[in-house]
Amino acid sequence: MKRTALIGHLNTEHENQIVTLQGWVNRRRDLGGLIFLELRDRSGIIQVQVEPESAAFAEADQLRAEYVAEIEGQFQLRPESQRKGGLADYEVIASRVKVLNTAKTPPFELDKGESVAEDIRLKYRYLDLRRPEMQRALMLRSRAVAAITEFLDTEGFIQVETPMLTKSTPEGARDFLVPSRLNPGEFYALPQSPQLFKQLLMIAGYDRYYQLARCFRDEDLRADRQPDFTQLDMEMSFVEQDDVLEVQERLMAHVFKKVLNVELPLPFPRISYFDAMDRYGSDKPDLRFDSAFVDVTELFRGGEFKAFASAQAVKVLVAPELSRKQIDELERVAKQNGAGGLAWLKRDGEGFSGGISKFVGSVAAQLLEQTGVPQGATLLFAAGEWKKAVTALGAVRLALRDLFDLTTGGPQFHISWVMDFPQLEYDEDRAAWTYMHHPFTAPHPEDVALFGTERQGEIRAQAYDLVLNGFEVGGGSIRIHSPEVQTRMFAAIGFTEEQAREKFGFFMDALEYGTPPHGGIAWGFDRLIMVMSGAASIREVIAFPKNNRGADLMALAPSPVEAPQLAELGVATLPAVERA
RNA sequence: GGUCCGGUAGUGUAGCGGUUAGCAUAUCUGCCUGUCACGCAGAAGGUCGCGGGUUCAAAUCCCGUCCGGACCGCCA
């Protein structure tokens, strides 16, 4: 059964040799006397010719789509008129064909997989994964892992595995819980991230750590979010913010170079959280195109248009000429993202028409000058409380991107740092301050004094996100290594000493035993691979993903379990009516 | 929890008050020796997601429900 080579590795050196190949029947073209087969493995596809007088003919005649076959024959150039470049210049003239296994007729045609409903693909994922597109994506992912390992190893990072059955770490998301049979009524939590463990490794003196860590968050899914996902988790001791960023930039550039042969320009641009929000309406702005907002708050202040006159912020986005239908659609986007509405104007000569034009007569000239809106183009406005206004207009900006392909002409990949996040955020619903990143994020040293004062909302965190084409592909921070600062942080978010002890006392203890200054980052690895491979969904780069409802449509998980299994765990389920 | 879009042979789609529910492809049969999305001829294959309603008549309209997807909330 020894095969000569993977199909894609056949080359001129094999020319006119007898080769043995194994794979799946990709396609069969039966010309009556003559049979052509396409044999596929993970590396490529080769045409096989079976002649009627060949001893292989009877067996080859049995082959159908997705049968597993072994082919022995001469690897040779095709007739000159039929060469198509690469492996398609060659074919194998079969001398022996062996059916290694039959296959049921596939539920969908593999080479039309792109247009097959995703739930069908997921139900038969093992067939979907045979498609060259899926194999390319998973092989790209594998190459990225190899590049990362190679780089981090060279840079002195040590790979350490942290537990999957652990105690809930305060990352903010819901935990997946695992009942403990040996400790009835008690539960492990699956890690949302290895955050505390990697910090403990720094305290333990491992200096530089990394791990491709499986993480779990029990929240609703999205096209770029799965309940179980992979982080590239890293932590470094005796570093300041710039040290972390510098290593990260070289690592990312190395991965892009190795995997895609793309050169990322270094250093990566940095933008503050405030600027990202203020100019692009997002903390993960897609900077492959500009379309920054223009601030016209002051222009309208106290003016005749009441909706803008006293607004905290009035932002405007220059859009191409829009139809009424397009404006309505964009307004729907704005409203879904928290805006009351979407005011608009069309440039008409030296003034404006449509929308709110009857209110802007007195400021028309300044509006033209400040926005530079071209003839016929549209201005889109969001006004109100600053964060709400910019967020809504940010969503409109992305809708315009998709509507008008605004990224064409820009770089294929744009990566940047978003920096200087606020340390604390006021939660209106709970009427309390909370952490924006996580409670171990170090504040900017100059801002520590603001803890507990009225201005604690101004404290800047030493936190940073990596943003690629509008996706957050990484996030990290310098951590608090001083027990005093940690205590002030807990106090600021309303944790009492007792509450902090109860939640992560072991970590509070550890902090007091000689914690080095340290910081790190975690990459959303699936998301990064999604963007690198140009996929529209994270599911395209995960072998066995969950659907929108968190279900594995192939394995049919989650599923009920038998009563004895629950009893052993000391767990009972509520009837559906009581769950609400 | 919410908004929007969708569900018709295995797959992908058309049909949007009266059709024998159409087309493509896959499948099966026959023919075919240079095909490469092989071709040609034929066959089989459908509870139009499910339930209810409106109507003389429902794939088509209405309500509910289930399922799938995108987004908001949520996810630091």
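Each chain gets a letter, A, B and so on, in the order the sequences are listed, and its residues count up from 1.
Listed in residue order, the members of residues 80-90 of chain A having a heavy atom less than 4.0 Å from RNA chain B are A:Q82, A:K84. Listed by residue number, A:E219, A:D220, A:R222, A:A223, A:R225 are the residues of residues 219-231 of chain A with a heavy-atom contact under 4.0 Å to RNA chain B.
Closest contact between the side chain of A:R27 and the listed nucleotides B:A37, B:C75, B:C36 involves B:A37.
Using N1 to N3 plus N6-O4 or O6-N4 for Watson-Crick, or N1-O2 and O6-N3 for G-U wobble, each under 3.5 Å, B:G39 pairs with B:C31. When both distances must be under 3.5 Å, the Watson-Crick or G-U wobble mate of B:C56 is B:G18. Here B:G68 sits opposite B:C5 as a Watson-Crick or G-U wobble pair (both hydrogen-bonding atom distances under 3.5 Å). B:G10 is paired with B:U25 under the Watson-Crick or G-U wobble criterion, all donor-acceptor distances under 3.5 Å.
Residues in residues 189-198 of chain A take part in these salt bridge (charged side-chain N to carboxylate O under 4.0 Å, His left out) pairs, two or more places apart or across chains: A:K198-A:D233, A:K198-A:E235.
Using atom P as the reference point in both B:G53 and B:A43, the two lie 40 Å apart (nearest Å). Across B:G64 and B:G73, the matching C1' atoms stand 25 Å from one another, rounded to whole Å. Comparing the same atom, C1', in B:U55 and in B:G18 gives a spacing of 12 Å after rounding to whole Å. Here, B:C61 and B:G6 have their P atoms 11 Å apart, quoted to the whole Å. Rounded to whole Å, the separation between the P atoms of B:C50 and B:C74 comes to 38 Å. Separating the C1' atom of B:A44 from that of B:G10 is a span of 13 Å, rounded to the nearest Å. Taking the P atom of each, B:A59 and B:G2 are spaced 31 Å apart, rounded to whole Å. The C1' atoms of B:G46 and B:A9 are separated by 5 Å, rounded to the nearest whole Å.
Below the 3.5 angstrom threshold, one finds a donor paired with an acceptor across the side chain of A:E91 and the base of B:G34. In this model, no side-chain donor or acceptor of A:E51 finds a partner on the base of B:U33 within 3.5 Å.
Taking side-chain N and O atoms only, A:N547 has a distance below 4.0 Å to OP1 or OP2 of B:G68. Contact annotation: A:R332 does not reach the phosphate of B:U3 (side-chain N/O to OP1 or OP2, under 4.0 Å). A sub-4.0 Å separation between OP1 or OP2 of B:A37 and a side-chain N or O of A:R29 is absent.
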Please tabulate, for the side chains in residues 537-545 of chain A, all donor-acceptor contacts under 3.5 angstrom to protein atoms that are two or more places apart in sequence or on a different chain.
| residue | atom | partner | partner atom | Å |
| --- | --- | --- | --- | --- |
| A:S537 | OG | A:R539 | N | 2.9 |
| A:R539 | NE | A:E118 | OE1 | 3.3 |
| A:R539 | NE | A:E118 | OE2 | 2.6 |
| A:R539 | NH2 | A:E118 | OE1 | 2.9 |
| A:E540 | OE1 | A:R121 | NH2 | 3.0 |
| A:E540 | OE2 | A:R121 | NH1 | 3.1 |
| A:E540 | OE2 | A:R121 | NH2 | 3.4 |

Verdict with reasoning, A:R130 to A:E66, per side chain to side chain contact (heavy atoms under 4.5 Å, CB included): CA-CA 10 Å; A:R130 279 185 195 165; A:E66 300 309 315; 2.9 Å; yes
Taking only nitrogen or oxygen atoms into account, show me every contact under 3.5 Å that the protein makes with nucleotides 48-50 of chain B, one pair per line with its distance.
none

Between the protein and nucleotides 5-14 of chain B, list every N/O to N/O distance that falls short of 3.5 Å.
| residue | atom | partner | partner atom | Å |
| --- | --- | --- | --- | --- |
| B:G10 | O2' | A:P107 | O | 2.5 |
| B:G10 | N2 | A:E109 | OE2 | 3.0 |
| B:U11 | O4' | A:P107 | O | 3.4 |
| B:G12 | OP1 | A:A117 | N | 2.7 |

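Annotation: side chain to side chain donor-acceptor pair (under 3.5 Å) contacts of A:R78 (sequence neighbours excluded): none. A:Y210 meets the ring-ring contact (aromatic ring centres under 6.0 Å, His included) test with no other residue; sequence neighbours excluded. For A:R270, the salt bridge (charged side-chain N to carboxylate O under 4.0 Å, His left out) partners two or more places apart in sequence, or in a different chain, are A:D242. Every residue was checked against the salt bridge (charged side-chain N to carboxylate O under 4.0 Å, His left out) condition with A:D220, not counting sequence neighbours, and none meets it. Remark: A:K84 pairs with no residue by the salt bridge (charged side-chain N to carboxylate O under 4.0 Å, His left out) rule, at least two apart or across chains. Residues forming a salt bridge (charged side-chain N to carboxylate O under 4.0 Å, His left out) with A:R131 (at least two apart in sequence, or on another chain): A:E114, A:D128, A:E133.
Taken to the nearest 0.5 Å, the CD1 atom of A:I71 stands 11.5 Å off from the CD1 atom of A:I93. To the nearest 0.5 Å, the span separating CD on A:E472 from CG on A:L466 amounts to 9.0 Å. One finds the NZ atom of A:K123 at 12.0 Å from the CE atom of A:M554 (value rounded to the nearest 0.5 Å). A distance of 11.5 Å separates CD of A:E458 from CG of A:L424, quoted to the nearest 0.5 Å.
In this structure, CG of A:D402 is placed 11 Å from P of B:C71, rounded to the nearest angstrom. Distance, A:I538 CD1 to B:A70 P: 11 Å, rounded to whole Å. Put simply, CG on A:L110 is 17 Å from P on B:A37, counting in whole angstrom units. Atom CG of A:L393 and atom C1' of B:C72 are 17 Å apart (whole Å). Regarding A:L553, its CG atom lies at a distance of 12 Å from the C1' atom of B:G69, rounded to whole Å. Rounded to whole angstrom, the span from the CG atom of A:D61 across to the C1' atom of B:G30 amounts to 13 Å. Put simply, CZ on A:F36 is 9 Å from C1' on B:C38, counting in whole angstrom units. Rounded to an integer number of Å, the gap from CD of A:E331 to C1' of B:C4 is 16 Å.
Ring planes of A:F268 and A:W417: tilted class, angle from 30 to 60°.
Toward the 5' end of RNA chain B, the nearer of the two residues A:G33 and A:N337, judged by each one's closest nucleotide, is A:G33. Mapping A:E425 and A:R539 onto RNA chain B by nearest heavy atom places A:R539 closer to the 5' end of the strand.
The residue A:R78 sits close to a base: some heavy atom pair falls under 4.0 Å. Residue A:E53 is classed as a base contact, given a heavy-atom separation below 4.0 Å to a base.
At a cut-off of 3.5 Å, with distance as the only test, no side-chain donor of A:S193 or A:Q231 sits close to an acceptor on the other residue.
Residues A:E38 and A:R29 are paired through a salt bridge, judged by an N-O separation under 4.0 Å between the basic side chain and the carboxylate.
Between the side chain of A:E331 and the backbone N or O of A:I327, no donor-acceptor pair lies under 3.5 Å.
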